[in-house]
Amino acid sequence: MPKLYSGAEIVFKCLEDQKVEHIFGYPGGAVLPIYDELKNHPTIKHILVRHEQGAGHAAEGYARSTGKPGVVLVTSGPGATNVVTALTDAYMDSVPLVCISGQVPTHLIGTDAFQECDTTGITRPCTKHNWLVKDINDLPRIMHEAFEVATTGRPGPVLVDIPKDIQFAKAKYSKPNKKKKAVSKNLNRFNQKDIDQLIDLMSKSKKPIFYTGGGVINSGPKASELLRELVSLTGFPITSTLQGLGAYPGNDNQFLGMLGMHGTYEANNAMHDCDLLINIGARFDDRITGKIDEFSPKSKKVHIDIDPSSINKIIKVDLSIVGDVSDVISLTTKTLKKKKLNLEKSNKQKISNWWKQIEKWRTKQSLSFVNSDTIIKPQYAVQRLYELTKDSDTYITTEVGQHQMWAAQHYKFDKPNRWMTSGGLGTMGYGLPAAVGVQVAHPKKLVIDIAGEASILMNMQEISTAVQYNLPIKIFILNNQYMGMVRQWQELLHEKNYSESYSKALPDFVKLAEAYGCVGIRAKDPSELDEKIEEMINTDRPVIFDCLVDQGENCFPMIPSGKPHNQMLLGPKDQEANKITGKGKALV
Amino acid sequence: MAKSKSAYSTPSKSGKIDTHIIVVWVDNEASVLSRVVGLFSGRGYNIESLAVAEIDHKKNLSRITIVTTGTPEVIEQIVLQLKKLVPVHNVVNFKREDKKVIFKEMALLKIVANPIKIKKALNACKKYNPVILDQTNKSAVIQITALRREIDNMIKNLKPLGLVSASRTGAVAMTRGAEILN
């Protein structure tokens, strides 16, 4: 007779077979049998967080920096509801997560039992799929299926809800069935004809641009390499979404910087004026497109994506290629080389005027700002942080707001999986727990959360997790005492009515750091910034860095609401210049 | 219009709205209907009617027929989003005007009236395959099968003849000829 295992044992056997090394979780009544079993599985390390939302974001950071699925373990009721924000965040940004939640025993489901909630009902709209395990014999299959669904096609979160009696019940265990038909439905659906059509468009174009997104990162490090080859082979300019940063080197000359609401002048104008737009693994998000009716009006549009429902969802495209980014690019470069079109040479002439135009836009220097000797400008702080950490393979996470955009603008990434930020959902409080997850995955690397003082307070408790596991994460707070992005919108669009965007009673972050048992550093003068950043980098413990910055600084350039790409608000320097010509007023 | 102060763009003009019938084959498992219905409500799509039942016990398959309205772009999204759901096997979409497909709804109509009126009511239903399921000397339950608008009209017309209660299904669909869906 085959050996019978308890539900809790089966959970761990599945995790072992799926090669899971770390899980992020928080115990409670309805998952105690699983926690009891933890001690028998030394290859799986559990990271105890301080709040289930933190577990979710930590698993996201882990997943995004490694490419492996993040695993979360929480209890029923509040444990499950607390993780909902993180699941939604992972769903929006296509991050593979497997969340295991405890549930009250089967016979109590539906009775409003203690710590009961309809977990599968609540998480249905924020997961790719979820399961309530009602029969112990289904558990091994469901667990393996959960990993498959989370990691294949367009990745995303899944949840397995396991009632407590199922954790005790016994059944046979079965290994993942490799031969079984893939659950994932979003596999490659393109053929050589599509690629030929793409190449035809590429060879005819005079003003082409690549617009790449998180899909390139999700497709694996290979995709980034292939992208670099394709870009250099074609000589086309390339811009990236927030999530795609790092897929292409940020300091390369063909890279125009990030596009979108706070993207560069050259990237947005190139998007507007191009005659061929090749979207690789991005989804025409509303922060990217601006006004839909005037989005890139003169271009042929190509969309390469693994998710068919992303195509024609917002922007109608002329050529759609459904498939894994690295497979599509690889076939494209192969075909390009085979056809010997000599694009490198022939294109250079054809698109030389285009590059001239781009260089003209570049002279605007849209990311420039008026620096100061007396007060730290937040952009300057990020620039210094970049200069002092760029040579040490640094991993950056962020919270959400102005600091996030400044980080995206001024920190130049040259490798994929080094940049973890909440883009789709825009979750304040993401960065600290995400940094915990990244550091768990990469214990020897430098991990920095570029934060704002409002966001950081949303999941501040997780610094305790960092201290417990000796995770030397660095929390770099650009402290302007405002919810800066809210304040900026209020200044520009709500007649400077700063309704509830000022934080009156902020904690002393240096003392707070000490209270948590880590190191606090404060910088308030530009002249001391470098030295303090060095001190932070050289501290082999968690650090909270309180960087007091200019309270009134706004994040520019910016596409105001309802405007197309070619009507950007530029920084104060340019506004000053435009005042004289009178052009600027039309923009504001 | 006042200047938009939203961080979001203003809606652009939308296309022509059509009625479509969407047929979905799903695993007959717990919560599958709420996944489908939740997708519609979550993304702001319309459901005009819904019919669902198991069609293959051995394969554990159910067939859901949804009548919905939307622009061509919205209908395309509905189909693609439905296809992403794990328990969904296949999705087929028809325009209401499609001549290759038969759509039918069923209604049970309770008439409380004297036998003369009941007879009149039955006559009025003649075009819609009426079946008397229950009859007393002051009441009758009549089953009819027809299109949505026809049933709407019948309900209106039968009111003076003693219609007191109507119960109706959503539309179900089948292709004409030997061709099969799946």
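This structure is a prediction, so every number in the text was calculated from the model and none was measured. Every chain is numbered from 1 and lettered A, B, ... according to where its sequence line falls, protein lines coming before strand lines.
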>> Could you report the tightest heavy-atom contact between Ile311(A) and Leu80(B), atom names first, then the distance?
In response: O-CD1, 4.5 Å

>> For a quick test of reading the model, state the closest non-hydrogen atom pair linking Gln81(B) to Ser309(A) and the distance between them.
In response: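 Gln81(B) and Ser309(A) have their closest heavy atoms at NE2-OG, 3.5 Å.
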
>> Working note: Lys128(A) + Val86(B), criterion side-chain contact (heavy atoms from CB on, under 4.5 Å); need CA distance, chi angles, decisive distance, verdict.
In response: CA-CA 8 Å; Lys128(A) 272 183 90 177; Val86(B) 170; 5.9 Å; no

Is the count of non-hydrogen atoms from other residues, nucleotides or ligands lying under 6.0 Å from [X] atom [atom1] greater than 12?
X	atom1	result
Glu97(B)	CD	yes
Lys110(B)	NZ	no
Lys134(A)	NZ	no

Is any side-chain heavy atom of [X] closer than 4.5 Å to a side-chain heavy atom of [Y]?
X	Y	result
Arg35(B)	Asn130(A)	yes
Lys84(B)	Arg154(A)	yes
Asn312(A)	Glu76(B)	yes
Ser31(B)	Arg124(A)	yes

